[in-house]
Q: 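The following block contains the structure, expressed as structure tokens.
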Amino acid sequence: MIKEKLSLLVREALEKAQQRARLPLEEIPEVMLEHPREKAHGDWATNVALILAGKVKMPPRAIAQIIVELLDDKQRYIEKIEIAGPGFINFYLSNKWLYDVMALIKEQGEKFGHSNIGAGQRIQLEFVSANPVGPMHIGHGRWAAVGDTLANALSANGYDVEKEFYINDYGNQMNIFAKSVAVRYAQLLGQDIPFPEDGYQGEYIKDIAREIIAEENDKYLGVPEKERESIFKERAYKQVLDHLKNTLYKMGVQFDTWFSERTLHESSAVNKTIELLRERGYVYESEGAVWFKATAFGEDKDRVLIRANGEPTYFAADIAYHKNKLDRGFDKLINIWGADHHGYVGRMKAAIQALGYPADKLEIIIGQLVNLLRGGEPVRMSKRTGEMVTLDELLEEVGPDAIRFLFLMRSTDSPLDFDIELAKQESSENPVYYVQYAHARISSIIRYAEAEGVSFSDNINYELLNSKPELDLIRKLAEWPEVLERVARQRAPHPLTSYAQELASAFHYFYTKCRVIGEDKDLSAARMALCKATKTVLRSVLAIIGVSAPEKM
RNA sequence: GCGCCCGUAGCUCAGUAGGAUAGAGCAUCGGACUUCUAAUCCGAGGGUCAGGGGUUCGAAUCCCUUCGGGCGCGCCA
């Protein structure tokens, strides 16, 4: 891209300055290019002269002057260079490179902006991983949107990504779940028995019980309690899991792998992993329990792997799970966890190291939680009391496009206030519609041209695109590769929605200023090409965000 | 008490590796449709970047500290 080209040009100029002893340089620093905040300061700027000033003991503007003198722009992409302020070098690009971008978009289509910085690196991305004991809530929706979009962005940058859902289908919560269904079943069939204190109160538990009654009536009333619970556990589990998959499908999220925690216990992978850690010297017994020596890796406490009652902890299974992932040969594991799990990060990284891997083999993205509001009032949610708004209900009320877009607009470092009333009420002024509208408008122009029987030659004279709205729009298109790469590198999807809005805005502005289909055939052809290029990039952005690109609105 | 995240316009938030005059949307006010979609565009007002100190040519950004908010700190998952 142009950024790298400019950086290289400056570097070459510095090398020349070094050879000709114009600057007393020991080594050439990395040349950083950035977009100046002020458009009047050019398309790109570098502060390299300011950085060097201290080292070579010369005024920054004098250094900048030397760099500019020695800079050799063979491709003539630079229109003008200015030395400004304390010593910035500002580059004003020629229109030629913008027209080259247009040609590139036409040539590459929706692959424009994709890169190969991942170079086939295998990444395993684990996210959502909701417990299969109830419907997903809104917080899960945020991780679904963030994880899926991150996976898309990484793939577009040449990473080989696998999306995985870890099913916590083992342990006490499953038993409580089963018992809850069993009691509801009996109650619905007229038995007067109390509901367990720690049971799940949600209406969905009754729904599951009703379904069992509808299919098999009171067949299980005579079955011993233990056995009944065990049967119900499997039925209910399967049903909830199917439901989870369906909800995620509606969100547009599909996982490559669904990994069951149970299999780790059944295959004794958990025990084997503990033994492996023991061999490596990180396991000891105390107070009747088996402990992991997390303090060996700077943690403040050691952690229990097997309780005094002989049951392995969730943590033990999670270590086995991460070992399983590492054994599958991924270059990097990325987990997306809610902020309520952040205290868990240190010990998991300690475990990775105890298994013999560097800590950075595992990356953990901590996302802040979602606060659900309705008309400004907080909605308290609890799986135990069953008072909650499910992701399904939200999908029904607001729709997947708006949900994904709204969830991706904010940095995952910020807690997100999600007001249902607002999301519905604003739905016609929602940013997502603003972006989609730009796409629909372009489609409409294309339809109009077809209906009018207007045909364009393939030989497009891009130089006719020389007004401000046109050039601004092309400039915005040219930013796409930078945005996409940054999202992948920083593992942060939210710049995508900003970019989508900016691109839509640049198009809407162009649309009001420039008539596409008109008298001048050549100009019409060039503007149509610009519309199509914009459509291509918009589709690409929306595809990565996971939002539809409608032809009509 | 300790740890992580946050505090930027009336509201919700961006702000890329420390750069030049701190941005966007919503809200408010004022304009623009006889022409390819007005779910649009143009303009205006609005700020002690929570407070204080430090680092330097230069700080919303880095360091220290105070205040305020969220979340953790289980032989729960």
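Naming: A, B, ... by sequence-line order, numbering from 1 per chain. Just so it is clear, the values below take in all heavy atoms, side chains as well, and ignore hydrogens, waters and symmetry mates. In this text, all values refer to a predicted model and were calculated from it rather than measured experimentally.
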Q: Suppose you measure atom C1' in B/rU21 against the same atom in B/rG15; what distance do you get, rounded to whole Å?
A: 15 Å
Q: Is there ring stacking between A/His342 and B/rG72, where the centres must be under 5.5 angstrom apart and the planes under 30 degrees?
A: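 Stacking between A/His342 and B/rG72: absent.
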Q: Between the base of B/rA77 and the side chain of A/Asp169, is there any donor-acceptor pair under 3.5 Å?
A: no
Q: Regarding B/rG72, can its base be found pairing with the side chain of A/Asp340 as donor and acceptor, where the two atoms are less than 3.5 Å apart?
A: no
Q: Looking only at the side chain of A/Thr512 (C-beta and beyond, no hydrogens), which of the listed nucleotides B/rA14, B/rC36, B/rC41 gets closest?
A: B/rC41
Q: So, A/His341 and B/rA77: ring centres less than 5.5 Å apart, planes less than 30° off, yes or no?
A: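 Yes, the aromatic ring of A/His341 stacks with the base.
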Q: Among B/rA20, B/rC5, B/rC73, find the nucleotide with the atom closest to the side chain of A/Ala45.
A: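 The closest nucleotide is B/rA20.
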Q: What's the closest nucleotide to the A/Arg410 side chain, out of B/rU37, B/rU12, B/rA17?
A: B/rU12
Q: Can you see whether A/Phe507 has A/Arg441 sitting over its ring - NZ or CZ less than 6.0 Å from the centre and within 45° of the normal?
A: no
Q: Where the side chain of A/Met553 is defined as all heavy atoms beyond and including C-beta, which of B/rA39, B/rA17, B/rC13 is the nearest nucleotide?
A: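 The nucleotide sitting nearest to the side chain is B/rA39.
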Q: Using Watson-Crick or G-U wobble geometry with both distances below 3.5 Å, tell me the partner of B/rA60, or none.
A: none
Q: Which is more 5' along RNA chain B, the nucleotide nearest A/Gln490 or the one nearest A/Tyr511? Just name the residue.
A: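 Result: A/Gln490.
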Q: Please report the distance separating the C1' of B/rG25 from the corresponding atom of B/rG46, rounded so that it comes out in whole Å.
A: 15 Å
Q: So, for A/Trp143 and A/Phe127, is the gap between ring centers shorter than 6.0 Å?
A: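 A/Trp143 vs A/Phe127: aromatic centres not under 6.0 Å.
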Q: Using ring centroids (six-membered ring only for Trp), state whether A/Phe315 and A/Tyr344 fall under 6.0 Å.
A: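 Close enough - the centres of the two rings lie under 6.0 Å apart.
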Q: Are the side chain of A/Arg307 and the backbone N or O of A/Val304 linked by a donor-acceptor pair below 3.5 Å?
A: no
Q: Checking base pairs now: Watson-Crick or wobble, both atom distances under 3.5 Å. What partners B/rG1?
A: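 Base partner found: B/rC73.
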Q: Taking the side chain of A/Tyr448 as heavy atoms from C-beta outward, which of B/rC36, B/rA17, B/rG15 is closest to it?
A: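 Looking only at heavy atoms from C-beta outward on A/Tyr448, the closest nucleotide is B/rC36.
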Q: Kindly state whether the pair A/Phe88 / B/rA20 counts as stacked, where counting means centroids closer than 5.5 Å and planes tilted less than 30° apart.
A: yes
